[in-house]
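One structure is given here, and the rest of the page talks about it.
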Amino acid sequence: MGTNRRTFLKQSLASSSLLISAGVLESCAKPVAEEKPSEKFKPLILSTWNHGMPANDRAWEVLNATGNLVDAVEEGVKVTELDLENLSVGLQGLPDREGIATLDASIMAGDGRCGSVAFVRQIKHPISLARKVMDLTPHVMLAGEGARQFAIAQGFPLEPEVLSPKAAELYKEWKVKSEYKPVINIENHDTIGMIALGPDGKLAGSCTTSGLAYKMHGRVGDSPIIGAGLYVDDEVGAATATGLGESIIRICGSFLIVELMRQGRSPQEACEEAVRRLIAKNSANIKDIQAGFLAINKDGEYGAFAVHPGFNFARHQQGGKDLIDSKSSFTKNG
Ligand code: SD4
């Protein structure tokens with residue numbers, strides 16, 4: 001090495017060490033609190049409807065115990081899947097027209113991993129089956145008999161196909177007229193969708209339902225369709241949906257909301273725009289359609305909006321939890 005080069009290197013090293021020590025001195029002079037992930041991102045868990053409260057409780061517990069957000073959103077909605085009072089989620093939910101309970105569920109992590117199951121029978125925890133699809137298969141979605149076979153292979157017990165006493169009673173009443181008439185906000189619309197921001201700034205979500213009561217056998221709603229009932233992207237945020245699945249699928253509701261947030265809308269603005277589009281695409285019978293959206297962005301801002309009044313959601317964050325009424329496009333008087 002020539003003298004010049006050696007001198008240059010020496011000078012560079014000297015000046016860079018000066019810079020380093022200047023940096024160190026500067027940071028000593030202005031102590032910056034070490035940015036622990038949990039201080040930068042405040043965990044937040046949101047879930048649709050009243051049953052979101054116990055589901056969020058469980059998700060919060062799992063997140064605190066394990067730090068695993070995907071486990072948290074899976075375990076959280078499992079509470080609802082077992083809730084015998086809930087007639088829209090889990091095997092106790094209202095059946096299809098043939099009297100069979102068929103379930104839809106999806107789960108997604110903000111890095112793009114996702115899994116779902118649709119039109120699946122006899123499985124107590126479809127969300128866990130969706131998780132297995134995500135973790136163990138090269139696929140995103142398994143449906144019907146294939147999903148059930150996969151469940152058996154994974155050691156899920158098959159539950160007997162017996163309706164819960166409440167569902168059996170209501171189904172018997174329904175059979176008298178066998179009319180399919182969605183009733184806004186009552187029993188038909190109680191899917192749980194959960195979206196969460198973890199202390200490391202990562203996002204995840206889950207969604208599980210027995211779908212619309214007295215649907216045609218084989219009908220699949222929005223909940224297991226990635227982009228319709230659920231969408232999560234660590235770069236932007238997450239969204240989930242509840243309500244008449246067909247209306248939500250028509251606008252790719254959850255994906256639309258995440259993309260609107262990517263373009264700069266707040267979660268609230270994005271949910272409102274999604275509802276506006278949903279109304280535009282379903283205007284003929286909008287008075288019979290309820291749908292609600294829930295969204296969160298990576299900064300921990302959130303929003304919700306529905307077509308009609310009555311939609312609410314559960315919020316868990318550091319220092320508290322509450323149930324919040326969503327605003328809606330139509331008011332009680334139309
Ligand atoms: C579906 N979106 O299957 C579901 C139903 C629902 O609250 O959300 N219920 O269309």
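Order of appearance sets the numbers: ligands from 1, and atoms from 1 within every ligand.
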Once you restrict to heavy atoms under 4.0 Å, what part of R219 touches ligand 1? Side chain, backbone, both or neither.
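The answer is the side chain of R219.
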Any atoms of ligand 1 less than 4.0 Å from a non-hydrogen atom of [X]? List them with their elements.
X    : value
S223 : 2 (N), 4 (C)
G221 : 3 (O)
D190 : 7 (O), 9 (N)

K298 with D233: basic N within carboxylate O range, under 4.0 Å:
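No salt bridge links K298 with D233.
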Is the closest basic N to carboxylate O distance between E169 and K166 below 4.0 Å?
no
Close N or O approach ([X], ligand 1; < 3.5 Å):
X    : value
L244 : no
T209 : no
T242 : yes
A241 : no
T191 : yes

Can you tell me which residue pairs pass the ring pair (Phe, Tyr, Trp, His ring centres under 6.0 Å) test with a partner in residues 57-104, sequence neighbours excluded?
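Every pair satisfying ring pair (Phe, Tyr, Trp, His ring centres under 6.0 Å) with a residue in residues 57-104: there are none.
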Option whose closest heavy atom lies nearest to atom 2 (N) of ligand 1, chosen from D104, I249, T240, D222
D222
